[in-house]
Amino acid sequence: MTSVNSIKPAPAIRTHNIEQIIHAPIGETARLCGWVQHRRDLGQLIFITLRDRWGEMQCVIDPAHSEAAHALAEGLRNEYVVAFSGATRPRPEKEVRAYPGGDREFLVDGVELLTAAEPLPFNVEEDVKASEELRLKYRYIDLRRRAMVRAMTIRHKCVSAIRSYLNSHGFLEIETPMLARATPEGARDYVVPSRVHPGEFYALPQSPQLYKQVLMCSGLDRYYQIARCLRDEDLRGNRQPEHTQLDLEMSCATRDELFSIAEGAMHAVWRECLGEELPHPFPRLPYREAMALYGSDKPDLRFGSRIVELSGQAQCIDAAWLKSDLELGKCVHGIFIPGASLSRKQYDEWTAQAKELGAGGLMTIELSGEEPKGSVAKFLTDSLAFAQAAESAEGNAHGTWFMVVGDTPSNYKVLGQLRLALGREFKLIDEGKWAFLWVVDFPLYEASDEPPYVTPSHHPFTMPVAEDQHKLESEDPAELLSIRSDNYDLVLNGVEMSSGSLRINKPDLQLKVLRRIGLSDEQIEDRFGWFLGAYRYGAPPHRGFGQGIDRLVMSLLSLDNIREVIAFPKTASAQCPLTGAPAPIDDAQWSELGIKSR
RNA sequence: GGGGACGUGGUCUAGUGGCCUAGGAUGCCUGCCUGUCACGCAGGAGGUCGCGAGUUCGAAUCUCGUCGUCCCCGCCA
């Protein structure tokens, strides 16, 4: 019998990766492996840029140094996988470059071709020219690009920073099933047929929401999971059928304690991924104020130009149509855009946009010059009022007021949208800024078009505040809409990053809320009976949130397309160009599953 | 479900009724070249203009349909 010790270790395929050889002392002997990024054949001398995940190294093959290596190197082509043995040496002084490893080159004395490559469907270059469809079809090539390696690396660091932060704060990472039970409401489910139970189906989880609440009932107390969430809905630039979420839940925690954990995780991520320190603590804004000041439940705080009520100042606008609107009880709201000055054509374009958003029209007063200009300037009896309002809103009276008249919620909506568009147009947004904030105290319900004309603004497991719980019995939508809850979103630069709440932990209250969304007792028992059961045997107060990891990584990298941060994403029609999924299954599978095709 | 944009050698693109036998760049192939780094120079191969129908003497170009991609609205508790 051969002793373990008698087997000699195989010689190394690779001794250094490129990052290591870049940082090794010059003169280091090594064997490098990588892809031929580029070959520059000068006839005698051949230069090859060798690429691996960590970097690039210029390799020199000199026939005067090694005839054999040179003969082999002549046959190398782009994206061949090779092993070069040799040693680094300093570059001639004139040839030194500023990039990493630009002070040295790798003089090759042995070339081994590990695998040849056919000519590629597109070039591996940073300024990629191939269409996105082609990049996805050959994703394994696209992922060789530095930008993609960076995205995958940052994504890894982000998740890893979150894990290590939460692990050190007493959280357990617990996996929950992918083969789950369909729940009514919400998004459409992806469904998986059961072979063992013909005609019955699992649903892939839209989120681990119910499982994590049950884990709290089990007393696991602090749970998190980097969880895949699946929803069969139409896609967008920042939406995929499967996305990854930091799902977290904690028992017996105040809102402040939960925020401190969430903020700590964000601090860890920014430190690990970008080496930046975020402000502490993140500002908080009640939902009601967010709507009144920014016309949005996810305001972009990278610039000002808040919404201001100008009904008083509007008395100085002597126009009959405006007076009659004000007498009808309508309000004037406006935002002041410092530095903005509009041509007639631009004014018409902004007016068209305001009308599309539901405004009757758009009033402007430009305060940049001697005399006020703008659409209602000629009706002004006193421009000082608007100058003062601009001064107190923005500390600046050079710019333009954009104003609408109407009922307050509609004004907020229009100005909230205009604010973002104007902020972009007039370059008010500080792109280098990370404007985190908590939007808190969302109402339990928001208005809906269908009976009962309200829908949960977060989800039906959110705790209504105690004093408002009696209103759950009401049939009046206005009454229902006034129910408050301990419900919060984390917003970054105008994008919703996470969403959470204090959960209901009393079975009778949970039952009431589920009835409220229009479910019969029978449906509730059938679909949520198991969940309510968990609540009957001792459910602690608990709260948590879910945070979109894809969006987080997009923010870290300043990308606006979710596909750029996912290794193998789906197209807008939910297909995978690489594998061809989804695809038909064969007849045997149909019959084995006991289901029929339409 | 609705709306919009796009589809031309491997890749990116020019071409808006005849001047197109479809131009360029890059990649690929051949040759030359010892300090290149998007190497350079010379030559070469490579296209039924997404697919189908129609209008026209004539269609990459106009019309309709269809397929695919992207974006927006709906949808996404």
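It should be emphasised that the depicted structure is a prediction, and the values quoted were computed from it without experimental measurement. Scope of the values below: all heavy atoms of this structure, side chains included, with no hydrogens, waters or symmetry mates. In what follows, chains carry the letters A, B, and so on, assigned in the order in which the sequence lines appear, proteins first and then strands, with residues in each chain numbered from 1.
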task = Give the ring-plane orientation class for A:W438 versus A:F545, where under 30° counts as parallel, over 60° as perpendicular and anything between as tilted.
result = perpendicular
query = Once the angle between the rings of A:H459 and A:F461 is folded into 0 to 90°, is it parallel (under 30°), tilted (30 to 60°) or perpendicular (over 60°)?
reply = tilted
ask   = For A:L134, which contact category applies under a 4.0 Å heavy-atom criterion: base, sugar-phosphate, or nothing?
value = sugar-phosphate
note = Across every strand shown, the nucleotide meeting Watson-Crick or G-U wobble geometry with B:U69 (both distances under 3.5 Å) is B:A5
message = Using a distance-only criterion (donor-acceptor N/O pair, under 3.5 Å, no hydrogens), is the base of B:C75 paired with the side chain of A:R239?
response = yes
task = Count the heavy atoms of every other residue, nucleotide or ligand shown that sit under 6.0 Å from NZ of A:K137, and state whether that count exceeds 12.
result = no
ask   = Can you tell me how far P in B:A25 sits from the matching atom in B:G44, rounded to whole Å?
value = 13 Å
task = Would you indicate, yes or no, if B:C28 has its OP1 or OP2 atom less than 4.0 angstrom from a side-chain nitrogen or oxygen of A:N78?
result = yes
query = Under 4.0 Å between a side-chain N or O of A:R231 and OP1 or OP2 of B:A77?
reply = yes
query = Given the P atoms of B:C75 and B:C12, what is the spacing between them in whole Å?
reply = 35 Å
task = Please assess A:R515 against A:D521 for the test salt bridge (Lys or Arg N to Asp or Glu O under 4.0 Å), listing each intermediate value before the final yes or no.
result = CA-CA 7 Å; A:R515 282 181 186 142; A:D521 283 8; 2.7 Å; yes
request  = Side-chain contact test, heavy atoms from C-beta onward, threshold under 4.5 Å: evaluate it for A:Q37 versus A:V124 and give yes or no.
outcome  = yes
request  = Begin from the C-alpha positions of A:E242 and A:R231 and carry the test salt bridge (Lys or Arg N to Asp or Glu O under 4.0 Å) through to its verdict.
outcome  = CA-CA 7 Å; A:E242 44 186 318; A:R231 295 173 189 186; over 6 Å; no
request  = Verify the stacking flag for A:F47 against B:U36: centroid separation must be under 5.5 angstrom and the ring planes must differ by under 30 degrees.
outcome  = yes
key: Sugar-phosphate only, base, or nothing, as touched by A:P460 at under 4.0 Å among non-hydrogen atoms   = base
query = Between B:C37 atom C1' and A:D62 atom CG, what is the distance in whole Å?
reply = 17 Å
key: Base-pairing mate for B:C33 - Watson-Crick or G-U, with both contacts under 3.5 Å   = none
note = Re B:C20: Watson-Crick or G-U wobble partner, both distances kept under 3.5 Å, found to be none
inquiry  = Say we look at B:C71 and B:G9: how far apart would their C1' atoms be, to the nearest angstrom?
reply    = 28 Å
Rounded C1' spacing from B:A60 to B:C19 in Å = 16 Å
query = For the pair made of CZ in A:R104 and P in B:U36, what is the distance, rounded to whole Å?
reply = 21 Å
task = Return the 5'-most residue of the pair A:A130, A:E125 with respect to RNA chain B, ranking by each residue's nearest nucleotide.
result = A:A130
ask   = Which part of the nucleic acid, if any, lies within contact of A:R77, taking any heavy atom under 4.0 Å across all strands shown: a base, the sugar-phosphate backbone alone, or nothing?
value = sugar-phosphate
ask   = Roughly how far apart, to the nearest Å, are B:C62 and B:C72 at atom P?
value = 27 Å
message = Taking the C1' atom in each of B:C28 and B:A45, what is the distance between them to the nearest angstrom?
response = 9 Å
query = Can you tell me if the side-chain N/O atoms of A:S131 get under 4.0 Å from OP1 or OP2 in B:C12?
reply = yes
Using a cutoff of under 3.5 Å, can you pull out all pairs of nitrogen or oxygen atoms linking the protein to nucleotides 69-72 of chain B, with atom names and distances?
{"unit_1": "B:U69", "atom_1": "OP1", "unit_2": "A:T571", "atom_2": "OG1", "d": "3.3"}
{"unit_1": "B:U69", "atom_1": "OP1", "unit_2": "A:S573", "atom_2": "OG", "d": "3.2"}
{"unit_1": "B:U69", "atom_1": "OP1", "unit_2": "A:Q575", "atom_2": "OE1", "d": "2.9"}
{"unit_1": "B:U69", "atom_1": "OP2", "unit_2": "A:S573", "atom_2": "OG", "d": "2.9"}
{"unit_1": "B:C70", "atom_1": "OP1", "unit_2": "A:A572", "atom_2": "N", "d": "3.1"}
{"unit_1": "B:C70", "atom_1": "OP2", "unit_2": "A:A572", "atom_2": "N", "d": "2.8"}
{"unit_1": "B:C70", "atom_1": "O3'", "unit_2": "A:R563", "atom_2": "NH2", "d": "3.2"}
{"unit_1": "B:C71", "atom_1": "OP1", "unit_2": "A:R563", "atom_2": "NH2", "d": "3.0"}

Complementary nucleotide of B:G58, counting Watson-Crick and G-U pairs under 3.5 Å = none
P gap between B:A5 and B:C20, integer Å = 29 Å
query = Could you state the CD-C1' distance from A:E126 to B:U11, rounded to the nearest angstrom?
reply = 17 Å
message = Let's see if you can work this out: which of B:A77, B:G35, B:U11 has an atom nearest to the side-chain heavy atoms of A:P92?
response = B:G35
inquiry  = Does A:R89 contact B:G35 through a side-chain donor or acceptor facing the base, at a distance under 3.5 Å?
reply    = yes
message = Which nucleotide, if any, forms a Watson-Crick or G-U wobble pair with B:A25, using both distances under 3.5 Å?
response = B:U11
ask   = A:Y99 near the nucleic acid: base, sugar-phosphate alone, or nothing, with a heavy-atom cut-off under 4.0 Å?
value = base
query = Side-chain contact, heavy-atom cut-off 4.5 Å: A:Q575 with A:P582?
reply = yes
key: Spacing between A:H70 atom NE2 and B:G35 atom C1', to the nearest angstrom   = 13 Å
message = Of the options B:U34, B:C37, B:U30, whose atoms approach the side-chain atoms of A:Q44 most closely?
response = B:U34
message = Taking any heavy-atom pair under 4.0 Å as a contact, classify A:D232: base, sugar-phosphate, or nothing.
response = nothing
query = Can you list the steps and then say if A:K512 with A:E473 is a salt bridge (Lys or Arg N to Asp or Glu O under 4.0 Å)?
reply = CA-CA 8 Å; A:K512 209 178 279 182; A:E473 314 288 348; 3.2 Å; yes
inquiry  = On the side chain of A:D234, is there an atom forming a donor-acceptor pair with the base of B:G74 - under 3.5 Å, no angle test?
reply    = yes
query = Whole-Å distance between B:G46 P and A:E118 CD?
reply = 20 Å
message = Using a 3.5 Å distance criterion without hydrogens, assess whether the side chain of A:E564 forms a donor-acceptor pair with backbone atoms of A:M148.
response = no
task = Give the nucleotide from the list B:C28, B:A77, B:C37 with an atom nearest to the side chain of A:Q58.
result = B:C37
note = Using Watson-Crick geometry (N1-N3 plus N6-O4 or O6-N4) or G-U wobble (N1-O2, O6-N3), each under 3.5 Å, B:G46 is paired with none
Pairwise 5' ranking along RNA chain B for A:E95 and A:R39, keeping only the more 5' one = A:E95
query = Considering every strand shown, what is the Watson-Crick or G-U wobble mate of B:A53 when both distances are under 3.5 Å?
reply = B:U63
Atom P, compared across B:G52 and B:U61: separation rounded to whole Å = 12 Å
ask   = Expressed in angstrom and rounded to an integer, what is the separation of A:I517 atom CD1 from B:A77 atom P?
value = 12 Å
message = Looking at A:G27, is its backbone amide N or carbonyl O close enough to the side chain of A:T88 to form a donor-acceptor pair, meaning the two atoms are under 3.5 Å apart?
response = yes
query = Parallel under 30°, tilted from 30 to 60°, perpendicular over 60°: which one fits the rings of A:Y138 and A:Y140?
reply = perpendicular
inquiry  = Between P on B:A38 and NZ on A:K129, what's the gap in Å once rounded to a whole number?
reply    = 12 Å
task = Establish whether the base of B:C76 is bridged to the side chain of A:Q206 by a donor-acceptor pair shorter than 3.5 Å.
result = no
query = Whole-Å distance between B:U34 P and A:I48 CD1?
reply = 17 Å
